[in-house]
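Values below: all heavy atoms of this structure, side chains included; hydrogens, waters and symmetry mates excluded.
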Amino acid sequence: MPSVAVVAATGRTGRLVVERALAAGHSVTAVARRPEALGIEHARLTVRAADVTDPDALREALTGHDTVISALGTTGRGPTDLYSAGTAAIITALPKGARLVVISSAGLAVPADAGPGTRLAARALSRLMRHAYEDMERMESQLAASGLVWTAVRPTGLNDRPGSGTPRVSIGATERVGNRTSRADLAAFIVDHLDDPLTFAQPVAVSS
């Protein structure tokens, strides 16, 4: 069973990814600035404190892991480089041959089969979230140029409802999925598809 490191593990999505990975039988390292905030104890869980934008600090925390999952995210609407700076640090610190999965947003692209209402809503959301989306685009460009085995998972609007157990998925993010995504469904998809070659080196849109 691959060993998994979760960066930004104490956020609402990161915590669920940690729980799902442990439930699936993985050995997990939770990485965060304040890992004590995670509040989870498990025989296969290690917690490590690290600045998620510091490659040297991350390198020590990520050593020996087969897969790294980045749950980095921001709730603000102002200018940000958290996604790109954090991902650049992870890429620099990533163990040789390790897989990298990041969380992006379905808002980066409007699928070809989207209707007029969806397109209108997407334009409005793109204006509202333009700073975050611009930085997510920088992040995904870094991944595309990295030569790594990566996946950018693009959920639609996140919520804290119970998971449906049957997330809707578009490999390549080319087709329409649902409008909302439970964080539980997002975490389940990420962990359940860590070794799925169909998701390698491309974005994947996900919803509940």
Side-chain angles (χ1 to χ4, degrees), residues 2 4 6-8 13-14 16-17 20-21 24 66-74 80 82-84 86-88 90-91 94 97-159 163-208:
V4 174
V6 181
V7 177
T13 301
L16 292 174
V17 172
R20 182 77 180 198
D66 304 297
T67 300
V68 176
I69 301 168
S70 171
L72 287 169
T74 179
T80 182
L82 178 63
Y83 299 96
S84 59
T87 300
I90 293 170
I91 289 172
L94 201 70
R99 169 149 162 68
L100 176 58
V101 180
V102 305
I103 297 173
S104 186
S105 173
L108 296 192
V110 179
D113 60 349
T118 298
R119 292 180 181 278
L120 182 62
R123 284 196 293 270
L125 188 61
S126 182
R127 288 193 295 270
L128 186 67
M129 300 297 296
R130 70 183 186 279
H131 294 299
Y133 286 178
E134 287 170 357
D135 199 42
M136 288 177 185
E137 289 176 342
R138 289 190 289 268
M139 172 183 71
E140 291 198 16
S141 293
Q142 291 170 342
L143 293 171
S146 70
L148 299 171
V149 179
W150 60 273
T151 301
V153 182
R154 295 180 177 178
T156 51
L158 289 169
N159 62 53
S164 67
T166 54
R168 297 171 61 181
V169 177
S170 172
I171 304 295
T174 58
E175 298 178 347
R176 184 181 176 187
V177 292
N179 294 329
R180 296 288 182 265
T181 307
S182 161
R183 286 184 171 84
D185 280 336
L186 174 59
F189 175 81
I190 289 171
V191 173
D192 295 351
H193 291 266
L194 290 179
D195 297 323
D196 183 356
L198 294 177
T199 68
F200 292 177
Q202 61 183 325
V204 178
V206 176
S207 75
S208 294

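Residue Gly178 comes nearest to Thr156 through the heavy atom pair O-CG2, 2.9 Å, listed as atom of the first residue, atom of the second, then distance. Of all non-hydrogen atoms in Glu175 and Ser170, the two that sit nearest each other are N-OG, 2.9 Å. Annotation for Asp185 and Thr166: closest pair OD1-N, 4.5 Å, computed over non-hydrogen atoms. Heavy atoms only, all atoms of each residue included: Leu143 and Trp150 are closest at O-NE1, 3.2 Å. Here the closest heavy-atom approach between residue Ala71 and residue Ile103 is recorded as CA-CD1, 4.0 Å. Across Ala24 and Val191, no two heavy atoms sit closer than the pair CB-CG1, 4.0 Å.
Considering only residues two or more places apart in sequence or on other chains, Arg99 meets the side-chain contact (heavy atoms from CB on, under 4.5 Å) condition with Thr67, Val101, Val149, Thr151, Thr199, Phe200. Among residues two or more places apart in sequence or in another chain, the salt bridge (Lys or Arg N to Asp or Glu O under 4.0 Å) test is passed with Asp195 by none. By the salt bridge (Lys or Arg N to Asp or Glu O under 4.0 Å) test, Asp66 is found to be paired with no residue, residues two or more places apart in sequence or in another chain being considered.
In this structure, the separation between OG on Ser104 and CD on Glu137 is 8.5 Å, given to the nearest 0.5 Å. Atom CG of residue Leu158 and atom OG of residue Ser207 lie 11.0 Å apart, to the nearest 0.5 angstrom. The line from CD1 of Ile91 to OG of Ser70 is 10.0 Å long, rounded to the nearest 0.5 Å. Taking OG from Ser105 and CE from Met139, the interatomic distance works out to 9.0 Å, rounded to the nearest 0.5 Å. For the atom pair Thr181 OG1 and Arg154 CZ, the distance stands at 13.0 Å (nearest 0.5 Å). Atom OG in Ser146 sits 8.5 Å away from atom CG in Leu94 (nearest 0.5 Å).
Listed for the Gln142 side chain is a donor-acceptor partner under 3.5 Å among the backbone atoms of Ser84. Counting only distance, with no hydrogens or angles, the side chain of Ser182 and the backbone of Ser208 share no donor-acceptor pair below 3.5 Å. Under a 3.5 Å cut-off, the side chain of Tyr83 and the backbone N or O of Glu140 do not form any donor-acceptor pair.
Side-chain contact check for Leu194 versus Ile69: some heavy-atom pair is nearer than 4.5 Å. Side-chain contact between Val204 and Val169 is present, with heavy atoms from C-beta onward closer than 4.5 Å. The shortest side-chain heavy-atom distance between Arg20 and Asp192 falls under the 4.5 Å cut-off.
Dense packing is recorded around CZ of Arg138, with more than 12 heavy atoms of other residues, nucleotides or ligands lying under 6.0 Å away.
Judged purely by distance below 3.5 Å, without hydrogens or angles, the side chains of Asp135 and Thr80 never pair a donor atom with an acceptor atom. With hydrogens and angles left out, the side-chain atoms of Thr13 and Arg183 include a donor and acceptor closer than 3.5 Å.
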